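Fair warning: this is a prediction, and the values are worked out from it, not measured in the lab. Lettering follows sequence order; numbering is per chain, from 1.
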Amino acid sequence: MNFVEELKWRGMIHDIMPGTQEQFAKEMTSAYIGFDPTADSLHIGSLVQIMILVHLQKAGHKPVALVGGATGMVGDPSGKSKERNLLDEETLNHNLKCMQAQLEKFLDFDCGENSAEVVNNFDWFKEFSFLDFIRDVGKHMSVNYMMAKDSVKSRLETGMSFTEFSYQLVQGYDFYWLWKNKKCMVQLGGSDQWGNIVTGTELIRRKGGGQAFAVTTPLIKKADGGKFGKTEEGNVWLDKTKTSPYKFYQFWLNSSDEDAKNYIKIFTLKSQEEINSIITEHEQAPHLRVLQKALADEVTTRVHSAEDLEMAIKASNILFGKSTADDLKSLDEDTFLSVFDGVPQFEVSANDFNCGIVDFTVEKTQVFGSKGEARRMLKSNAVSINKEKVNEEKQISSTDLISNKYILVQKGKKNYFLIILK
RNA sequence: GGGGAGAUACUCAAGCGGUCAACGAGGGCAGACUGUAAAUCUGCUGGCUACGCCUUCGUAGGUUCGAAUCCUGCUCUCCCCA
């Protein structure tokens, strides 16, 4: 199956420029996606773009991942209702380094002519002076054209700086540069990037007299209209120190039936037949959640590792299985600790005991952010100690310790915290 | 440069001298139901040494017994004219 068809059945194409498919059919083609260095880790939103590059390489083409050292200094107005804050250079460089390391995990950088490549647009912008830029690049684009972009139009009312207004030209020049110097024919990206991408193909047409192509992916949303990739704590990151493999696994496992059917096509490499059979199986026995498990297994393995997955499953079974306080107590210490590796942990000392549950969860540990919150939770029957519901009267003493060392605190059904006596 | 409008909690948005920790909506969190799903119903959504107290309505002052509400300076944003 060719690249474009593969993306099509997976529901990963939002828009595609005429002629793109023919280009991919004609020859081994390089295509690139830009990643914005706004944080020091990629999150699962960028995972969609990464998967596109993976498919691209599998189809025999050359993936180029661009990290935006230069564009990151400007700030993309697309989809933003407010002017962005600029990052300082140090943060930016740190972010770039981290992101690059993550990207390298997903692609093959040593497989002959379609080896992946990571480029940084700062490399070609650092020597490019402002005057040169407005003469060589700006001259080809009319303000009228730039103003017609949605990303600009929607900001005309509320205002936008010249910096952000110029963003599309900067990104457009990236495409031009890659086209000119690396024969990169296609730019891929999220649907919000369409305007920026087209500026690039226009620049290539006007300045370079050539042709280039584009494919964009739809914005992923949850079935209920909510934002994809957010949890109570915020973004789901690919960096395991920011989102533990256990939490990562849980994120996918918790997706709704509706969502999981879409996600499995986008985030796994399973074939159409495999996916259909998993969905059929799931519909026959939805409570087994075969679908969510298949999804969570594969994504966790790709982003982390088989070992991380194993521990995440083990932890999940213990935390969400039918286990009781007694089961917890019967675990040996090693298993116990490794199971809870991904669960937020707090350390206490022996004299932190013998106090009320509220003090214990707020002051001795930071399970809850304030006493008010702790009381609210307790009142709504949301707190468990070692899998047993407790109320505001509960006193914590050393008899609550498991293996004389641990206490398991639970907020609601899904949020666990491990307290360790040190 | 001239004129006008505005800034309220996570977001939108009421309030226009006391009864305001601030209506409402969205979002979020929790409870029940379930399949660690969806839908639905319910509760909560500034902090505390908690029938009371403290800190919040762009910012700094002022008027007043009393201010988110009135006055003044400042900052920022938007609109119109040049």
Engineer: With the threshold set at under 4.0 Å for non-hydrogen atoms, list the residues of residues 356-366 of chain A touching RNA chain B in residue-number order.
Structural biologist: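 Listed by number, there are none.
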
Engineer: So, A/Q187 versus A/N196: side-chain donor-acceptor pair below 3.5 Å or not?
Structural biologist: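 Absent: no donor and acceptor within the cut-off.
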
Engineer: Looking at B/U49, I'd like to know if its phosphate oxygens (OP1 or OP2) sit under 4.0 Å from a side-chain N or O belonging to A/K371.
Structural biologist: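 Yes, A/K371 has a side-chain N/O under 4.0 Å of OP1/OP2 on B/U49.
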
Engineer: NA contact type, A/K261, heavy-atom cut-off 4.0 Å: base, sugar-phosphate, or nothing?
Structural biologist: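 Touches nothing.
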
Engineer: Looking at A/K414, I'd like to know whether one of its side-chain N or O atoms comes within less than 4.0 Å of OP1 or OP2 on B/G31.
Structural biologist: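 No, A/K414 has no side-chain N/O under 4.0 Å of OP1/OP2 on B/G31.
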
Engineer: Is the phosphate of B/A30, meaning OP1 or OP2, less than 4.0 Å from a side-chain N or O of A/N415?
Structural biologist: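 A/N415 to B/A30 OP1/OP2: side-chain N or O found under 4.0 Å.
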
Engineer: Find out whether the Lys NZ or Arg CZ of A/R289 is both under 6.0 angstrom from the six-membered ring centre of A/F320 and within 45° of the ring's axis.
Structural biologist: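 No, A/R289 and A/F320 do not form such a contact.
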
Engineer: What nucleotide, of B/G31, B/U34, B/A38, holds the atom closest to the side chain of A/K413?
Structural biologist: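 It is B/U34.
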
Engineer: May I have the step-by-step check of ring pair (Phe, Tyr, Trp, His ring centres under 6.0 Å) for A/F228 and A/Y263, ending in yes or no?
Structural biologist: CA-CA 10 Å; A/F228 165 76; A/Y263 297 169; 5.1 Å; yes

Engineer: Taking only side-chain N and O atoms of A/S370, does any of them lie within less than 4.0 angstrom of OP1 or OP2 on B/G47?
Structural biologist: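 For B/G47, OP1/OP2 do have a side-chain N/O of A/S370 under 4.0 Å.
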
Engineer: Which nucleotide in the set B/U36, B/A30, B/A50 lies at the smallest distance from any side-chain heavy atom of A/S316?
Structural biologist: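 Within the option list, the nearest is B/U36.
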
Engineer: Please check if the number of heavy atoms outside A/E310 that lie under 6.0 Å from its CD is greater than 12.
Structural biologist: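 Counting other residues, nucleotides and ligands, CD of A/E310 stays at 12 neighbours or fewer.
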
